[in-house]
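By convention in this document, chain letters (A, B, ...) are assigned in the order of the sequence lines, proteins followed by strands, and residues within each chain are numbered from 1.
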Number of protein chains: 2
Amino acid sequence: MTASRSRTREDVVKAASRLFAAQGYHGTSMRDLAREVGVLGSSLYSHIESKEDLLVEVVEIGAALFQASAAKAVARGGDGAELLRSLVRGHNDVVLDHLDEARTFLFEADALDEPHRQRVVAARNDYETVFRAALETGRKDGSFRAGIDPKLAAILILSMLNAVERWYRPGGSLSRSALADAVVEFATRGIGSRI
Amino acid sequence: MTASRSRTREDVVKAASRLFAAQGYHGTSMRDLAREVGVLGSSLYSHIESKEDLLVEVVEIGAALFQASAAKAVARGGDGAELLRSLVRGHNDVVLDHLDEARTFLFEADALDEPHRQRVVAARNDYETVFRAALETGRKDGSFRAGIDPKLAAILILSMLNAVERWYRPGGSLSRSALADAVVEFATRGIGSRI
DNA sequence: ACCTAACGAACGATCGTTCGTTAGGTGGTT
DNA sequence: AACCACCTAACGAACGATCGTTCGTTAGGT
């Protein structure tokens with residue numbers, strides 16, 4: 001049935017996510033990928049069109065995950081502070097639950113051809129805009145200081161979040177929930193000026 | 001005269017920095033590199049041992065730049081807050097003045113063989129330790145809140161700094177100095193709780 | 001009997017690298 | 001000044017390996 005075929009295709013895409021995330025797109029050969037799936041290189045082409053097609057698919061999965069996370073946070077509502085907290089938790093969940101797709105989306109888009117790369121840039125801009133809007137909301141409703149620059153703050157917060165996968169190891173002393181809380185607290189209070 | 005006109009090893013290393021930073025190690029061929037230098041592929045081997053040797057060299061240059069920056073900040077002295085400011089300014093200067101080497105050091109170390117990769121990991125740990133020590137100092141001298149986690153804060157601050165090259169464009173509305181100030185202010189005050 | 005995933009050989013292109021050769025410049029000796 | 005020995009950077013062909021991909025064939029499930 002079509003179900004078994006599409007499941008196999010999903011296996012290939014999932015394996016590609018893993019290898020692209022671990023070794024990079026250019027560092028992964030189709031024979032590497034085939035070995036990961038448990039098949040010979042040529043057999044992959046029963047399921048996919050081309051290597052670049054695979055990258056497009058993985059990157060789009062990553063983009064959709066972040067987009068869905070942002071949409072869910074917005075739908076949940078709340079003031080600026082609550083919105084920011086939702087966004088941070090959602091982002092962390094995406095990174096930790098879908099590490100390979102997130103990594104590929106965040107760091108391998110340069111390997112795409114120009115039109116596809118532009119779509120990734122646009123998706124990231126849209127996502128960043130949601131963060132910026134949350135910060136603007138919070139600035140107005142009193143959640144945050146009046147002096148903040150929402151655009152810059154959004155970039156800095158996302159910089160911290162996107163780097164989480166580089167150092168966070170699940171099962172350590174810091175739980176996933178505590179991680180999100182720590183990022184939010186750092187973003188809102190910083191390290192300084194004990195009152 | 002021969003020194004300035006003849007292509008030296010440094011020219012090759014510099015070109016490699018540019019391409020490794022722009023396209024990644026695996027995305028750069030020796031013929032790509034040769035074209036960048038203005039020579040045929042085989043001619044590169046008058047100057048270097050191997051492609052991986054080149055990566056090692058570029059990465060070590062990057063490591064040395066960050067290490068020197070940290071040493072300079074420490075030598076300058078001051079309390080925790082002043083030390084952190086020095087470290088942030090120094091880091092930004094390294095990234096903006098030596099973008100290619102910094103990028104390669106930060107993001108291409110995975111392509112190294114295991115022993116060399118370990119040395120990069122160690123260098124990054126040492127560098128992070130300087131940041132952590134500055135935060136611990138500041139926690140004791142009253143520059144920062146008592147409740148902060150220096151290890152986590154160091155990671156988060158470095159996450160922001162390492163991402164600067166992904167979005168900052170010199171010549172824009174944000175000067176280099178203002179950028180460093182903004183990062184320091186974000187790190188110390190955050191966005192929240194107007195008191 | 002049909003469908004299809006997987007095989008395995010093979011394609012041309014490109015990979016990193018080697019090697020014998022060449023051109024051009026330098027220094028030393030006459 | 002003229003010679004020669006020497007050095008070095010670059011060339012260009014070629015190496016074996018591997019790249020992404022194609023294709024005719026085969027095995028197994030429905």
Side-chain angles (χ1 to χ4, degrees), chain A residues 1-59 104 108-117, chain B residues 1-59 104 108-117:
Chain A
M1 262 232 152
T2 19
S4 74
R5 182 193 181 198
S6 62
R7 175 162 354 129
T8 317
R9 183 191 167 92
E10 276 174 38
D11 290 339
V12 174
V13 174
K14 184 60 195 148
S17 306
R18 256 178 279 134
L19 294 189
F20 290 167
Q23 322 171 2
Y25 177 75
H26 290 303
T28 302
S29 77
M30 293 303 275
R31 287 170 179 88
D32 285 343
L33 176 57
R35 194 180 320 113
E36 180 86 1
V37 176
V39 108
L40 291 192
S42 55
S43 307
L44 295 172
Y45 291 85
S46 299
H47 306 284
I48 55 129
E49 295 287 315
S50 69
K51 187 189 182 189
E52 187 162 21
D53 226 51
L54 260 181
L55 179 59
V56 169
E57 187 148 338
V58 174
V59 159
T104 304
E108 293 298 322
D110 290 343
L112 289 168
D113 60 22
E114 197 48 28
H116 286 107
R117 202 189 63 84
Chain B
M1 189 56 74
T2 141
S4 74
R5 279 296 166 201
S6 83
R7 305 198 153 80
T8 142
R9 182 186 173 93
E10 274 176 42
D11 289 334
V12 176
V13 173
K14 184 60 195 145
S17 306
R18 256 178 279 133
L19 293 190
F20 290 168
Q23 321 171 5
Y25 176 75
H26 290 301
T28 302
S29 76
M30 293 303 275
R31 289 170 178 88
D32 285 343
L33 176 57
R35 193 180 322 113
E36 179 86 2
V37 176
V39 108
L40 290 193
S42 55
S43 307
L44 295 173
Y45 291 85
S46 299
H47 306 283
I48 56 130
E49 295 288 315
S50 68
K51 187 190 181 188
E52 185 161 24
D53 226 52
L54 260 181
L55 179 59
V56 169
E57 187 148 339
V58 174
V59 159
T104 304
E108 293 298 322
D110 290 343
L112 289 168
D113 60 22
E114 197 48 29
H116 285 105
R117 201 189 64 85

- With the side chain defined as heavy atoms from C-beta on, B:R31 is closest, among C:dA6, D:dG20, C:dC15, to C:dC15

- Item | OP1 or OP2 of C:dT4 under 4.0 Å from side-chain N/O of A:S46 | no

- Looking only at side-chain atoms of B:S42, point me to the closest of D:dC11, C:dC7, C:dG16. D:dC11

- Note on the structure: Between B:S43 and A:T28, the residue closer to the 5' end of DNA chain D by nearest nucleotide is B:S43

- Task: Enter the distance from B:D110:CG to A:Q23:CD here, rounded to the nearest 0.5 Å.
- Result: 10.0 Å

- Item | B:R35 bridged to B:D32 by N-O distance under 4.0 Å | yes

- Would you mind reading off the distance between B:L33 atom CG and C:dT14 atom P, rounded to a whole angstrom? 18 Å

- Write down the distance between CG (B:D32) and P (C:dC15), rounded to a whole number of angstrom. 6 Å

- Query: Of the candidate nucleotides D:dG20, C:dT17, C:dA6, which contains the atom at the shortest distance from the side chain of A:T8?
  - Reply: C:dA6

- Message: Just the rounded figure in Å: distance from P of C:dT14 to NZ of B:K51.
- Response: 15 Å

- Task: Looking only at side-chain atoms of B:M30, point me to the closest of D:dT21, C:dA6, C:dG16.
- Result: C:dG16

- How long is the line joining CG of A:D11 and P of C:dA5, in whole Å? 12 Å

- Do A:I48 and A:M30 touch side chain to side chain, with heavy atoms closer than 4.5 Å? yes

- Note on the structure: Applying the 3.5 Å cut-off to both distances, the Watson-Crick or G-U partner of C:dA9 turns out to be D:dT22

- Message: Under a 3.5 Å cut-off for both contacts, is C:dT29 paired Watson-Crick or G-U wobble with anything, and if yes, with which nucleotide?
- Response: D:dA2

- Cation-aromatic face contact A:K51/A:Y25, 6.0 Å, 45 degrees: yes

- Nearest-angstrom distance from the residue atom CG of B:L54 to P of C:dG16: 11 Å

- Message: Looking only at the side chain of B:Y45 (C-beta and beyond, no hydrogens), which of the listed nucleotides D:dT21, C:dT17, C:dC7 gets closest?
- Response: C:dT17

- Message: By the 4.0 Å heavy-atom rule, please label A:S29 as base, sugar-phosphate, or nothing.
- Response: sugar-phosphate

- Query: To the nearest angstrom, how far is B:R35 atom CZ from C:dC15 atom C1'?
  - Reply: 14 Å

- Send over the distance from B:Y25 OH to C:dC15 P, rounded to a whole Å. 13 Å

- Message: Tell me whether the side-chain N/O atoms of B:H47 come closer than 4.0 Å to OP1 or OP2 in D:dA10.
- Response: yes

- Task: State whether the side chain of B:R9 and the backbone N or O of B:H47 hold a donor-acceptor pair below 3.5 Å, judged by distance alone.
- Result: yes

- Query: Using purine N1 to pyrimidine N3 plus N6-O4 or O6-N4 for Watson-Crick, or N1-O2 and O6-N3 for G-U wobble, both under 3.5 Å, which nucleotide pairs with D:dG28?
  - Reply: C:dC3

- Query: Does A:E36 use its side chain to pair, donor to acceptor, with the backbone of A:L19 at less than 3.5 Å?
  - Reply: no

- Separation of C:dC15 atom P from B:L44 atom CG, nearest Å, is 13 Å

- Output the single nucleotide from D:dC11, C:dG16, D:dC19 whose closest atom is nearest the side chain of B:L40. D:dC11

